[in-house]
Amino acid sequence: RGTHPHGWDGPGCNYGWSTGSRVETVWAGGRFNGMISYQTDRKMADEQFRTAFDDALVGIALVAPDGSWLRVNESLCDIVGYSREQLYDMTFQDITHPEDLDADVAQLEETLEGTRAGYQMEKRYLHKRGHIVWILLSVSLVQSDSGEPEYFISQIQDITERRRSR
């Protein structure tokens, strides 16, 4: 028991700290009356995600189940030569090499069906300037609380130089 910063002290009020977020449990007359939680954890987690996403050296994208780009980082833009705005008007299918598209879509569909948790593959993207970029693609599915597909998290690493040296 301690002193509440807003003066909610007394024999009926207890509170504690949990993983950086203040959670207060309120007891009155020996009965549980509720819990108050402050969203510092959520704000901190959102900021950490934003920083990790935006500052990653590999391409990262959130992709809708239909293949449209929901969010992309600057590293992905550098890999494929398109701006964020240009990618948002496209789908991953638009920049995937035609010979690699069927294999990618098949694994994506298996992930949506739940027969696999995600997938990883080497494939080719078509750069805005017309040349081929080899990538290592890692994909996982994010689902809603009810189990519905929300979006994919894709990590894209440029492996063009590695492929050339084979």
Side-chain angles (χ1 to χ4, degrees), residues 1-8 13-26 32 34-96 104-105 107-125 127-128 133-163:
R1 176 148 160 45
T3 304
H4 188 281
H6 298 294
W8 301 338
C13 184
N14 297 310
Y15 64 93
W17 302 90
S18 171
T19 62
S21 175
R22 188 173 29 178
V23 178
E24 300 168 45
T25 308
V26 181
F32 176 74
M35 191 177 292
I36 303 168
S37 175
Y38 295 87
Q39 298 299 318
T40 56
D41 275 349
R42 176 60 184 228
K43 184 177 179 183
M44 188 168 55
D46 288 347
E47 182 59 35
Q48 288 171 336
F49 172 80
R50 206 171 9 265
T51 300
F53 189 97
D54 292 338
D55 295 345
L57 296 177
V58 298
I60 301 179
L62 304 183
V63 180
D66 68 358
S68 58
W69 305 99
L70 301 174
R71 183 171 177 184
V72 300
N73 71 355
E74 195 62 34
S75 293
L76 177 59
C77 294
D78 292 342
I79 291 168
V80 298
Y82 291 97
S83 69
R84 281 187 170 104
E85 293 73 25
Q86 290 170 320
L87 285 173
Y88 293 151
D89 289 334
M90 305 169 80
T91 66
F92 81 83
Q93 295 93 323
D94 293 328
I95 64 169
T96 297
D104 192 357
V105 171
Q107 292 182 85
L108 183 109
E109 288 173 356
E110 289 174 3
T111 304
L112 284 170
E113 293 165 359
T115 57
R116 64 185 322 145
Y119 63 97
Q120 189 173 71
M121 68 181 292
E122 290 185 5
K123 73 175 207 173
R124 294 163 286 183
Y125 275 154
H127 192 277
K128 182 180 179 180
V133 179
W134 277 97
I135 64 153
L136 175 62
L137 173 67
S138 302
V139 177
S140 59
L141 177 63
V142 175
Q143 297 174 312
S144 69
D145 290 339
S146 64
E148 293 298 312
E150 288 196 358
Y151 56 89
F152 294 96
I153 300 174
S154 297
Q155 297 176 355
I156 300 99
Q157 183 179 358
D158 185 345
I159 59 168
T160 304
E161 290 304 316
R162 186 176 86 194
R163 291 290 298 211

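We use all heavy atoms of the structure for the numbers below, so side chains are in, but hydrogens, waters and symmetry mates are not. Just so you know, residue 1 is the first one in the sequence shown, and it goes up from there.
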Quick one: does any side-chain atom of S138 pair with a main-chain N or O of Q120 as donor and acceptor, under 3.5 Å?
no
Where do R71 and Y88 come nearest, in terms of heavy atoms and distance?
CA-OH, 3.5 Å
Main-chain N/O of Q86 paired to D89 side chain as donor or acceptor, under 3.5 Å
no
Rounding to 0.5 Å, atoms CZ (F152) and CG (L112) come to a distance of 3.5 Å
Just by distance, do the side chain of S75 and the backbone of A56 share a donor-acceptor pair under 3.5 Å?
yes
Report yes or no: does Q93 contribute a side-chain atom to a donor-acceptor pair with the main-chain N or O of D66 at less than 3.5 Å?
yes
Of all the heavy-atom pairs spanning Y151 and P65, show the shortest one and how long it is.
CA-CD, 4.4 Å
Is it true that a side-chain atom of N73 and a backbone atom of I60 form a donor plus acceptor pair closer than 3.5 Å?
yes
Quick one: do R124 and D104 make a salt bridge, cutoff under 4.0 Å?
no
At what distance, to the nearest 0.5 angstrom, does CG of L137 lie from CD1 of I156?
6.0 Å
Using a strict threshold of under 4.0 Å (side-chain N to carboxylate O), is an ion pair present between R42 and D46?
yes
T115 side chain vs E110 backbone, donor-acceptor pair below 3.5 Å
yes
Heavy-atom donor-acceptor pair, R84 side chain to C77 backbone, under 3.5 Å
no
Would a distance-only check, ignoring hydrogens and angles, find a side-chain to backbone donor-acceptor pair under 3.5 Å from D94 to L87?
no
